Amino acid sequence: MAIPVPDAVRLAALSQHYGFDLTQAEVGEFVPVVEGTLAASEEVERLYRRSAPEAPVREFALPADNPLNAWSVRTAISETAEGSLAGRTVVVKDNVAVAGVPMVNGSASMDGFVPRRDATVVRRLLAAGATISGKSTCEDLCFSGGSFTSWPGPVRNPWDLSRNAGGSSSGSAALVASGGVDLAVGGDQGGSVRIPASFTGIVGHKPTYGLVPYTGAFPIEQTIDHLGPMTRTVGDAALMLSVLAGVDGYDSRQPTVLDPVDYVAALRESASGLRVGVVREGFGTPVSLTGVDDAVRGAVEVLQAAGLTADEVSIPWHLDAMAVWNVIATEGAAYQMIDGHGYGMGTWGQYDPELIAHYAQGRVARGRDLSKTVQLVGLSGRYTFELGGGKYYAMARNLSYELRDAYDAALAEYDVLVMPTLPYVARELPSPDVSLADYLDTALSMIGNTAPFDVTGHPACSVPAGLVDGLPAGMMIIGKRFDDATVLRVAHAYEQAVGGFPAPAGAAAPATS
């Protein structure tokens with residue numbers, strides 16, 4: 001279908017938007033000129049359709065048994081019985097494309113969308129022998145840590161069904177913790193792998209920025225987008241990372257070359273003698289529970305008993321990190337995720353034109369149904385962008401190097417840094433009529449320790465530090481960029497020292513490789 005030609009009224013509105021101040025006569029002169037430019041857009045669409053794939057036919061079903069609301073859709077997709085993940089079941093967070101299977105990204109705005117291409121991580125999982133058992137429910141456009149903004153309903157914590165499972169990779173965490181699947185893919189822009197891992201008592205590893213390709217996942221903001229493994233054991237996280245990591249040639253978040261690392265083999269190296277920096281500023285925050293801080297300090301003592309050394313280290317920049325993240329994740333996400341319909345423009349990469357078009361319509365048609373966290377991003381981020389023209393975002397991105405350098409300085413002295421993943425344990429799911437203040441507090445108040453490392457790109461892994469009042473608390477282990485192996489070695493040493501991690505009552509035992 002030909003692109004409709006804009007009339008003088010439409011061009012006058014665009015002139016006003018950009019401040020061109022064109023007269024009526026000048027606008028009239030532009031009408032035929034603009035019409036002439038539309039031919040290129042029509043030709044690009046024709047050329048694109050020559051090679052654009054059609055969605056494969058894959059069987060899927062809505063979940064019949066879904067007490068945690070953790071399944072978005074069920075599948076049984078496999079390609080080979082060979083490979084390092086043969087016989088293992090995986091659930092894919094529903095912001096990641098599995099071709100031919102519905103993808104709603106937790107949002108009414110995406111209802112009815114079916115992607116045509118597998119995400120890179122999906123292709124790699126299938127090539128390694130995994131069976132994709134379905135898509136997991138996630139928060140609305142993945143912008144919440146609370147597990148209650150997902151459409152059409154909240155995800156429940158398998159440790160206590162009245163409590164939240166964390167977000168935004170809520171369904172992935174709940175299904176791994178409950179034994180519904182062996183492994184899961186999660187996404188992380190402010191802690192969305194590590195938050196639900198901490199609340200549900202599993203392992204969640206946010207890789208170094210750019211280590212795992214983001215191609216085929218719904219973006220929030222180019223500079224903080226991550227995908228990573230969520231598992232019951234550190235060994236499985238290492239196994240998954242060995243499969244997922246590496247350059248795919250389509251994701252501008254990645255370096256051009258990455259040397260392959262066998263993360264499973266790295267776990268066989270002793271962690272004895274490694275140096276642990278316990279970050280003072282990660283404890284005792286205004287929202288911290290004393291029991292959580294105590295559990296993590298107890299976990300550090302376990303590491304010391306296992307032969308690692310540990311000392312307290314102060315990183316004052318950590319207390320300022322949230323201001324930097326907040327600007328990037330509001331102004332940046334408003335520009336890319338909302339106004340830019342997910343992908344934005346201006347970077348190399350494999351785009352998803354069908355997703356962009358579907359969401360562009362759904363976002364407006366279902367805007368009232370978007371979560372209050374997404375609405376906050378739009379209102380605050382667009383306002384500051386219009387006010388400053390993008391200067392606040394530019395300042396935050398420049399400050400991110402100072403923030404990164406502060407952690408790097410500490411990591412020059414220590415092999416890893418540790419702190420509580422979250423300041424508290426899972427909370428009660430809020431009622432539908434909760435106040436805006438309580439809504440936002442439940443959705444976002446836990447990210448003070450997790451979000452900074454999405455800005456800096458350092459690898460960070462959450463492992464269970466113990467139970468506090470019967471609910472899991474997490475210890476976060478942070479390492480040098482592209483030294484995910486050392487982070488996992490320390491996590492593994494802790495897991496071995498405590499004899500494995502507890503599971504909620506009734507959870508199925510995890511499968512083994």
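Positions are given from 1 along the sequence. A quick note: this is a predicted structure, and the numbers were derived from the prediction, not measured.
Partner of Met103 under the side chain to side chain contact (heavy atoms under 4.5 Å, CB included) criterion, out of Asp94, Val73, Val96: Asp94 alone. Partner of His341 under the side-chain hydrogen bond (donor to acceptor under 3.5 Å, both in side chains) criterion, out of Arg363, Gln361, Gln336: Arg363 alone. When each of Val487, Val203, Val234 is checked for a side chain to side chain contact (heavy atoms under 4.5 Å, CB included) with His492, only Val234 meets the rule.
With contacts defined as side-chain heavy-atom distances shorter than 4.5 Å, the pair Thr486/Lys480 does not qualify. Counting only heavy atoms from C-beta outward, the side chains of Ser78 and Ile132 never approach each other to under 4.5 Å. In this structure the side chain of Tyr359 reaches within 4.5 angstrom of the side chain of Ser109, judged on heavy atoms. The shortest side-chain heavy-atom distance between Leu355 and Met110 falls under the 4.5 Å cut-off. Contact annotation: the side chain of Arg232 never approaches that of Asp182 to less than 4.5 Å [non-hydrogen atoms, C-beta and beyond]. Ile202 places a side-chain heavy atom less than 4.5 Å from the side chain of Met230. Residues Arg253 and Pro219 meet the side-chain proximity criterion, which asks for heavy atoms closer than 4.5 Å. When side chains are defined from C-beta on, Met475 counts as touching Tyr494, because their heavy atoms get closer than 4.5 Å.
One N or O on the side chain of Ser400 and one on the backbone of Arg397 form a donor-acceptor pair closer than 3.5 Å. A donor-acceptor distance shorter than 3.5 angstrom exists from the side chain of Arg124 to the backbone of Leu244, with no hydrogens or angles considered. Side-chain atoms of Asn157 come within 3.5 Å of backbone atoms of Phe199 as a donor-acceptor pair (strictly under, hydrogens ignored). Counting only distance, with no hydrogens or angles, the side chain of Asp225 and the backbone of Glu221 share a donor-acceptor pair below 3.5 Å. Between the side chain of Arg117 and the backbone N or O of Pro53, no donor-acceptor pair lies under 3.5 Å. Looking at Trp159, its side chain does come within 3.5 Å of a backbone N or O of Thr200 through a donor-acceptor pair. Side-chain atoms of Arg74 come within 3.5 Å of backbone atoms of Ser133 as a donor-acceptor pair (strictly under, hydrogens ignored). Side-chain N or O atoms of Ser198 include none that pairs as donor or acceptor with a backbone N or O of Ile195 at under 3.5 Å. Between the Glu139 side chain and the Thr149 main chain, a donor and an acceptor come within less than 3.5 Å of each other. Judged by distance alone, the side chain of Arg156 and the main-chain N or O of Leu161 form a donor-acceptor pair under 3.5 Å.
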Apply side-chain contact (heavy atoms from CB on, under 4.5 Å) to Leu411 and Leu417, showing your working. CA-CA 7 Å; Leu411 286 164; Leu417 306 173; 3.7 Å; yes
Would you sort out whether Asp188 and Lys206 count as a salt bridge (charged side-chain N to carboxylate O under 4.0 Å, His left out), showing the intermediate values? CA-CA 7 Å; Asp188 198 310; Lys206 183 201 76 68; over 6 Å; no
Would Tyr250 and Tyr351 count as a side-chain contact (heavy atoms from CB on, under 4.5 Å) if you check the C-alpha gap in whole Å, the side-chain angles of each, and the deciding distance to 0.1 Å? CA-CA 9 Å; Tyr250 292 105; Tyr351 289 70; over 6 Å; no
Ser252 and Gln222: side-chain contact (heavy atoms from CB on, under 4.5 Å), yes or no, with the steps? CA-CA 9 Å; Ser252 61; Gln222 174 87 7; 2.6 Å; yes
Begin from the C-alpha positions of Phe482 and Leu258 and carry the test side-chain contact (heavy atoms from CB on, under 4.5 Å) through to its verdict. CA-CA 9 Å; Phe482 295 104; Leu258 280 171; 3.4 Å; yes
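Remark: the Thr131 side chain and the Arg88 side chain contain no N/O donor-acceptor pair separated by less than 3.5 Å. Side-chain polar atoms of Thr233 and Thr231 form no donor-acceptor pair below 3.5 angstrom. In this structure, a donor-acceptor pair under 3.5 Å is present between the side chains of Thr421 and Ser462. Side-chain N/O atoms of Ser147 and Asn164 include no donor and acceptor closer than 3.5 Å. A donor atom on one side chain and an acceptor atom on the other are found under 3.5 Å apart for Asp484 and Thr208. No hydrogens or angles considered: a donor-acceptor pair under 3.5 Å links the side chains of Asp160 and Ser162. Using modelled atom types and a 3.5 Å distance limit, the side chains of Ser168 and Lys93 yield a donor-acceptor pair. Judged by distance alone, the side chains of Thr80 and Glu82 never bring a donor and an acceptor atom under 3.5 Å apart. Side-chain contact of Thr215 with Asp248: a donor-acceptor pair under 3.5 Å is present, judged by distance alone. Side-chain atoms of Ser272 and Ser270 form no donor-acceptor pair, as typed in the model, at a separation below 3.5 Å. Using a 3.5 Å distance cut-off with no hydrogens or angles, the side chains of His458 and Asp408 do pair a donor with an acceptor.
Between Gln254 and Leu211, the shortest heavy-atom contact is NE2-O, 3.4 Å. The minimum heavy-atom distance linking Ala271 with Leu308 is given by the pair O-CG, 3.3 Å. For the residue pair Asn105 and Asn95, the shortest heavy atom distance occurs at OD1-CB, 3.0 Å. Between Pro452 and His318 the shortest heavy-atom distance is CG-CE1, 4.0 Å. Scanning both residues, Ser172 and Ser136, for their nearest heavy atoms gives OG-OG, 2.8 Å. Contact between Pro255 and Gly210 at its shortest, heavy atoms only, is CD-O, 3.8 Å.
The OG1 atom of Thr450 sits 11.5 Å away from atom CD of Gln189, with the distance rounded to the nearest 0.5 Å. Rounding to the nearest 0.5 Å gives a distance of 4.5 Å between CD of Glu428 and CZ of Arg163. Within the model, atoms CZ of Phe143 and CD1 of Ile220 stand 6.5 Å from one another, a figure rounded to the nearest 0.5 Å.
With sequence neighbours left out, the salt bridge (Lys or Arg N to Asp or Glu O under 4.0 Å) criterion links Arg46 to Glu43. Checked against salt bridge (Lys or Arg N to Asp or Glu O under 4.0 Å), Glu269 has the following partners two or more places apart in sequence or in another chain: Arg489.
For the pair Arg50 and Tyr48, the cation does not sit on the ring face, since its NZ or CZ is not both under 6.0 Å from the ring centre and inside 45° of the axis.
A salt bridge is absent between Asp140 and Arg366; no separation between the charged side-chain nitrogens and carboxylate oxygens falls under 4.0 Å. Taking a cutoff of 4.0 Å between a charged side-chain nitrogen and a carboxylate oxygen, Glu45 and Arg49 qualify as a salt bridge. At a threshold of 4.0 Å, the pair Arg123-Asp118 does not count as salt-bridged, since none of the basic side-chain nitrogens sits closer than that to a carboxylate oxygen.
Leu62 CG: 12 or fewer foreign heavy atoms inside a 6.0 Å radius. Atom CD of Gln304 has more than 12 heavy atoms from other residues, nucleotides or ligands within 6.0 Å.
Centroid-to-centroid, the aromatic rings of His226 and Tyr209 come within less than 6.0 Å. A centroid separation of 6.0 Å or more is found between the aromatic rings of Tyr343 and Phe218.
Between Phe453 and Tyr407, the ring-plane angle classifies as tilted under the 30° and 60° cut-offs.
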